[in-house]
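Okay, structure first, notes after.
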2 protein chains.
Amino acid sequence: MGRGHMARRNTNRRVGIADVAEKAGVSHATVSRVMNGNAAVDPGIAARVRAAAVELKYQPNPVGRSLALGKTDTIGIVVPDLANPTFQAILRGLSIAAAQDGYRVLIADSSEVTSEEAILAGEARRRCDGVVLCAPRMSDAELEELAPTLHPLVLINRTTIATNTPSLSVDYGQGIQELAQHLVTLGHRRLVFLSGPEHSSSNRQRLVGLDQFRKEHPEIELQMLYGGSNFDSGHDSTEAIVASGATGILAFNDLVAMGLLSGLHERGVRVPEDISVTGFDDIPFAKYTTPPLTTAAVPINELGSLAWRRMREQIQQAGEATTQAQDEFSPRVEIRKSTAAPALKPAS
Amino acid sequence: MGRGHMARRNTNRRVGIADVAEKAGVSHATVSRVMNGNAAVDPGIAARVRAAAVELKYQPNPVGRSLALGKTDTIGIVVPDLANPTFQAILRGLSIAAAQDGYRVLIADSSEVTSEEAILAGEARRRCDGVVLCAPRMSDAELEELAPTLHPLVLINRTTIATNTPSLSVDYGQGIQELAQHLVTLGHRRLVFLSGPEHSSSNRQRLVGLDQFRKEHPEIELQMLYGGSNFDSGHDSTEAIVASGATGILAFNDLVAMGLLSGLHERGVRVPEDISVTGFDDIPFAKYTTPPLTTAAVPINELGSLAWRRMREQIQQAGEATTQAQDEFSPRVEIRKSTAAPALKPAS
DNA sequence: GAATCATGAGAAAGCGTTTTCTCAGAGCGT
DNA sequence: ACGCTCTGAGAAAACGCTTTCTCATGATTC
């Protein structure tokens, strides 16, 4: 509970500037000046202050400093699902980059509950100096309304009309087309796209990319099946994939692909001999699946560290209009062993 | 910058209690009482205050509240490596459980730099209401010295002599013995343990467990090879494993096992026909490796959520001595398809 | 009608720190 | 020696909020 006129309780109270001031025989303003080096202080006085601080093991209270300075040196991030390795890697990239500038990261996981996102984002913003929205699932209209209230804000995998909100995007449409092209180049003519969550902006981009692909390759059969976004949903797609007769599979992401690889192995379907499988993202596990997974590599650590750089730019230019930075990453197709030419099957 | 007698700058300042007070024609203390419901306020006045708050879109400033209340509603966690899925899962478990009580989690990743840990822990503790140290790599002596300064503290995979520090542990020694026993039961006589990082407390427990295992099974050949703690190091162990002649492999963790599975596959060594491989932890990928991995399941989401419960107990009993809670989890061996009876090899 | 009691809202203090304002003391020039 | 200027440290205000203290007002009792 807060406190008014009551005498201060000393129980468990940590050492503050007032204690150091008393010990050194100076005012608390002087202690603050010495600790921060913000103004000239007589060297003899400064030495006394430092000795007192060391003796009392003084550490400044970050909350008091935050109130006085109007900043917290923390960044919030809202992720739709912290179980997703792509988001984990983005978090790690952001966390490491921000730490290098003395900032920490506060997590909010909406657990794919879209209605929670705006609430979590507002709350994170109030507690922090800025907020990163990672693949937000809210509608475009909601995002347009919310974005100005969150400044400084960095978006990952979404954009807004707002001219001062940096946005880091991956060209999922182009990536999925390149993966499809890879399969076609290998000779595949019957493809399936295992699509992801409906509210996922990156899924919509893949769908747009595949529409374009169909237009350019009318001779290719490209079916759509729902594959979700995790292992289990990929694994659960095994029967539908086998029934489809397709020889080339484009999974929504690496997790779906891994689940499918496992399901196909259980079913005795050989990858890539019988079916080729691709993923997306190139999470760290993708190299180590059996067989190692062909995928479109998204520089997910770089996304996190660039998100920090864009955030830092806004923080440092507080109050000034900034030129919006729209960064778009092109995924790079990483060809591994899960794709090969389709088997020549006897006519039946 | 802080500010003294200067007139308040209104630029970019968010709406505060003073603004609501002015709008409603009451004092800021009354606004605080209405927003918190802490004391009786005339219903008519309360309605005016609420209307003003809504009209001005007032949201309390968490920093001001934290200073007044002496709490931040955040928990810090220090992890040795945020790239490790076990730590990611612990973080997720902690984050979700704490969020249910209105707490957020602040991350500090020491990136396996042992000398950074104490500094990060102290800093996290000052910014937060408590701190969780996850598999800290510092020495026992350093931990004993640091622990009292971090109260309230929860330890994961370490213990201290301190009687008021809850500690959540996994009996790695027992788990590795059960895995070894599983291989022996299948008929394996030549085993290798791919050991993990030297500073890892859980690795030491496995070594102790395997010493015990050797005593109880003098007829079993059990070699030690260094296998590190990630994919690459597991993968890099492939040749040494093949050269060892062992038919049963105990990998330090699931990542090492996955890397090894991939390396063996590349080498044309069949799992489990030619070599059986086990992991540890049961990260979400373990079910989906090819073949699915036999492993010792650590309830890593439960570790995170129990860490929050222990933390919350300490926060709620502030200043009182608490009975130390030592929670120990027994790993559960999850038998999947990466282990089988050793092949009968022609004598050569 | 006066005295007493209860209640609720404003004044004030405080949480810990930063920084502006003020003033005392030292130094310099005449 | 006096006046002026400069410097540095203490006093004070502020950041935003919570809660204690104080007092005015209305109700109740005698």
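Residue numbers begin at 1 in each chain, while the letters A, B, ... track the order of the sequences. Model, not experiment: these values are computed from the prediction.
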Ser201(B) side chain to Asn157(B) side chain, donor-acceptor N/O pair below 3.5 angstrom: no
Interatomic distance, Leu69(A) CG vs dT20(C) P [rounded to whole Å]: 12 Å
Gap between atoms CE and P, on Met35(B) and dT18(D) respectively (whole Å): 9 Å
Set of salt bridge (charged side-chain N to carboxylate O under 4.0 Å, His left out) partners for Arg126(B), sequence neighbours left out: none
side-chain hydrogen bond (donor to acceptor under 3.5 Å, both in side chains) contacts in which one or both residues fall within residues 42-57 of chain A, not counting sequence neighbours: Lys23(A)-Glu55(A)
Atom-pair distance (CZ on Arg14(A); C1' on dT17(C)), nearest Å: 13 Å
N or O in side chain of Asn36(A) less than 4.0 angstrom from dT17(C) OP1/OP2: no
Donor-acceptor pairs are to be reported for all side-chain atoms of residues 134-144 of chain A against protein atoms at under 3.5 Å, with residues two or more places apart or in another chain.
residue   : atom : partner   : partner atom : Å
Arg137(A) : NE   : Glu112(A) : OE1          : 3.0
Arg137(A) : NH1  : Ala135(A) : O            : 3.4
Arg137(A) : NH2  : Glu112(A) : OE2          : 3.1
Ser139(A) : OG   : Glu142(A) : N            : 3.1
Ser139(A) : OG   : Glu142(A) : OE1          : 3.3
Asp140(A) : OD1  : Arg158(A) : NH2          : 2.5
Glu142(A) : OE1  : Ser139(A) : N            : 3.1
Glu144(A) : OE1  : Ile161(A) : N            : 3.2
Glu144(A) : OE2  : Ile161(A) : N            : 2.9

Atom pair distance, as rounded to whole Å: CD in Glu22(B) and P in dG16(D): 14 Å
Distance, rounded to the nearest Å, where Asp19(A) contributes CG and dC15(C) contributes P: 10 Å
With sequence neighbours excluded, residues passing salt bridge (charged side-chain N to carboxylate O under 4.0 Å, His left out) with Arg104(A): Glu123(B)
Spacing of Arg126(A) atom CZ relative to dC15(D) atom P, expressed in whole Å: 20 Å
Distance in angstrom units between Leu67(A) CG and dA13(D) P, rounded: 17 Å
I'd like a table of atom pairs between the protein and nucleotides 8-11 of chain C - only N or O on both sides, under 3.5 Å - with the distance next to each one.
residue : atom : partner  : partner atom : Å
dA9(C)  : OP1  : Asp42(B) : N            : 2.9
dA9(C)  : OP2  : Asp42(B) : N            : 3.4
dG10(C) : OP2  : Ser27(B) : N            : 3.0
dG10(C) : OP2  : Ser27(B) : OG           : 2.9
dG10(C) : OP2  : Thr30(B) : OG1          : 2.4
dG10(C) : O6   : Arg33(B) : NH2          : 2.6

Value in whole Å for how far the C1' atom of dT17(C) lies from CG of Asn61(A): 8 Å
Selection residues 64-91 of chain B - residue pairs positive for salt bridge (Lys or Arg N to Asp or Glu O under 4.0 Å), sequence neighbours left out: Arg92(A)-Asp81(B), Lys71(B)-Asp73(B)
